[in-house]
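Okay, so here's the structure we're looking at.
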There are 2 protein chains.
Amino acid sequence: MTFDAFQGLVNISSEDIWRDFYRNNRDKIKVKKEDVAVKNLVKISSAALSISNRKGFPLMTLRDLSEESGLSMGALYSYFSSKDDLLNMIQQQRMAAIVKVFSAHLSGIGEPLEKLRTAIQIHLYLSEVMQPWFYFSYMEAKNLSKEDRRKAIEAEVFTERIFIDIIEQGQKDRIFVDVDSMTTAAIIKALLQDWYLKRWKYESRGVSVEEYSRIVIDFVESYLLPQDNLKQEEKNGSNG
Amino acid sequence: MTFDAFQGLVNISSEDIWRDFYRNNRDKIKVKKEDVAVKNLVKISSAALSISNRKGFPLMTLRDLSEESGLSMGALYSYFSSKDDLLNMIQQQRMAAIVKVFSAHLSGIGEPLEKLRTAIQIHLYLSEVMQPWFYFSYMEAKNLSKEDRRKAIEAEVFTERIFIDIIEQGQKDRIFVDVDSMTTAAIIKALLQDWYLKRWKYESRGVSVEEYSRIVIDFVESYLLPQDNLKQEEKNGSNG
DNA sequence: GTCTATATCTGGATAGAC
DNA sequence: GTCTATCCAGATATAGAC
């Protein structure tokens with residue numbers, strides 16, 4: 001799948017994400033008109049992500065946020081009850097989006113090699129679309145509340161588990177070689193994370209998300225596929 | 001080389017690091033007795049790393065630092081002139097150590113494959129010995145002063161350059177296959193970073209630094225070595 | 001629903017005794 | 001060289017007008 005096709009398919013606009021959020025949290029948000037609320041939640045979150053990803057969440061003052069979002073200090077507190085609450089809100093939304101997109105794209109695929117490729121691609125594409133969220137989420141994880149920290153770890157384990165399962169299925173089917181599945185999954189995650197943690201680096205070198213996806217898949221396959229299979233795969237074109 | 005052997009060789013104690021630092025910065029530090037100064041610099045830095053790696057440098061108050069280091073607020077300011085100054089001090093020390101150790105261990109090696117293995121190992125071992133430094137340095141990079149930020153990027157490029165050069169030498173010698181050297185180096189760095197960024201994960205799974213080193217080397221070699229070479233290498237035992 | 005103005009608190013930094 | 005006490009800037013959060 002191309003990145004453009006993916007974008008068309010998931011179409012994760014901030015609007016959608018925050019509309020969902022608003023509906024699930026009507027009670028906590030003082031503003032009662034949905035359209036007004038969603039519009040401002042988008043402004044607030046994108047301002048918060050932009051400032052935080054520049055200087056870190058703890059150093060972002062609410063005056064900064066007020067200025068960049070265009071809302072007054074007082075108005076901000078109609079949308080969250082404390083600065084920490086805002087942090088947790090943003091975190092929550094990201095995790096919901098990941099689980100949703102992953103399930104949607106992987107559930108139909110049975111064949112391990114195709115599933116592995118798709119999982120790598122989907123993760124990279126998703127982190128590309130939601131780069132500020134992913135980066136924020138990684139860098140600010142230690143500041144979360146206890147409860148949200150627990151959720152964050154759960155989400156981390158969830159995605160790693162997906163890769164472990166795919167690898168083990170492939171080993172059972174005798175498609176992949178017999179390497180340690182847990183460690184291999186950890187390595188894959190490290191490579192996926194590098195994309196959103198060092199986006200500036202890849203951008204400055206002109207590497208697109210599709211190229212990076214290609215690279216990671218090749219890299220992983222050279223490790224997981226037996227030597228002779230690999231040669232044959234390459235003849236067939238390894239990307240479906 | 002085993003991890004123990006490495007430790008014996010470099011023997012990077014906090015003492016040594018801060019004694020070096022003290023001698024290079026006598027003018028900036030108000031305390032004039034070397035032994036007193038070094039002893040307290042060690043206390044301050046290890047307290048600062050411990051607190052920061054728990055909750056982040058911006059959220060560490062000087063009262064926290066005072067409590068954990070056992071020095072009073074006033075005394076702390078005999079060792080640095082501002083909180084930012086402390087940040088830059090710690091950063092500086094880490095980079096000096098890296099350059100020193102890398103040069104010492106790699107300069108003698110000409111053969112690309114051995115050099116690649118050694119570079120991976122040394123980086124992992126070093127980040128293991130200085131884990132709090134490495135983690136801190138990565139997570140707090142955005143808070144550095146302009147000048148120290150520039151230095152940090154330089155250091156980043158320095159280590160990546162080492163890997164690029166090794167790969168290109170190996171390609172010239174027809175030992176490695178013809179993949180993109182820059183991207184491959186980026187991938188290697190991502191895997192090396194995962195070790196100190198997610199140490200808790202590997203620890204909880206009982207993966208030692210030697211095992212991880214073995215895994216990364218295998219992974220990279222399966223990508224860089226031609227198929228037939230690989231088979232032969234494995235027979236010889238790929239770790240020297 | 002949003003704004004301005006302000007109460008309250010926290011944390012970096014310093015002065016001066018010991 | 002180190003400590004205690006204190007200053008003061010700047011931050012969160014809220015009250016009340018519009």
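To find a chain, count down the sequence lines: A is the first, B the second, and so on, and within it residues start at 1.
- One can find a donor-acceptor pair under 3.5 Å joining the base of C:dG12 and the side-chain atoms of B:R63.
- Ion pairing between B:E15 and B:K39 fails under the 4.0 Å rule for side-chain N and carboxylate O.
- Counting any heavy atom pair closer than 4.0 Å across all strands shown, A:S72 reaches a base atom.
- A straight line from NZ of A:K83 to P of D:dT12 spans 5 Å, rounded to a whole angstrom.
- The CG-P distance, from A:D64 to D:dA11, rounds to 7 Å in whole Å.
- When each of D:dG1, D:dC3, D:dA11 is scored by its nearest atom to the side-chain atoms of B:A75, the top-ranked nucleotide is D:dC3.
- Between B:R150 and B:E154 a salt bridge is recorded (basic side-chain N to carboxylate O distance below 4.0 Å).
- The nearest whole Å value for the distance from the CG atom in A:L87 to the C1' atom in D:dT12 is 15 Å.
- Residue whose closest nucleotide on DNA chain D sits further toward the 5' end, between B:G70 and A:F80: B:G70.
- Between C:dA15 and B:Y77, no contact under 4.0 Å exists linking OP1 or OP2 to a side-chain N or O.
- Taking the six-membered ring for Trp, A:W133 and A:F136 have ring centres at least 6.0 Å apart.
- Distance A:L65 CG to D:dG10 P: 19 Å, rounded to the nearest Å.
- Side chain to side chain, A:R149 and A:S145 fail the donor-acceptor criterion of an N or O pair below 3.5 Å.
- Rounded to whole angstrom, the span from the CD atom of A:E34 across to the P atom of C:dG1 amounts to 11 Å.
- Protein atom CG of A:L59 is 13 Å distant from nucleotide atom C1' of D:dG10, rounded to whole Å.
- Closest contact between the side chain of B:L62 and the listed nucleotides D:dT12, C:dA13, D:dT2 involves C:dA13.
- DNA chain D is contacted by both B:K30 and B:M73; B:K30 maps to the nucleotide lying nearer its 5′ end (nearest heavy atom per residue).
- Residue B:L76 contributes atom CG, which lies 15 Å from atom P of D:dG1 at whole-angstrom precision.
- Looking at heavy-atom distances under 4.0 Å, A:S81 makes no contact with the nucleic acid at all.
- Remark: P of C:dG12 and CD of B:E67 are 14 Å apart, rounded to the nearest angstrom.
- If you check D:dG1, C:dA13, C:dT2 against the side chain of B:K32, the one that comes closest is D:dG1.
- Using a 4.0 Å cut-off between a side-chain N of Lys or Arg and a carboxylate O of Asp or Glu, B:K43 and B:E68 do not qualify as a salt bridge.
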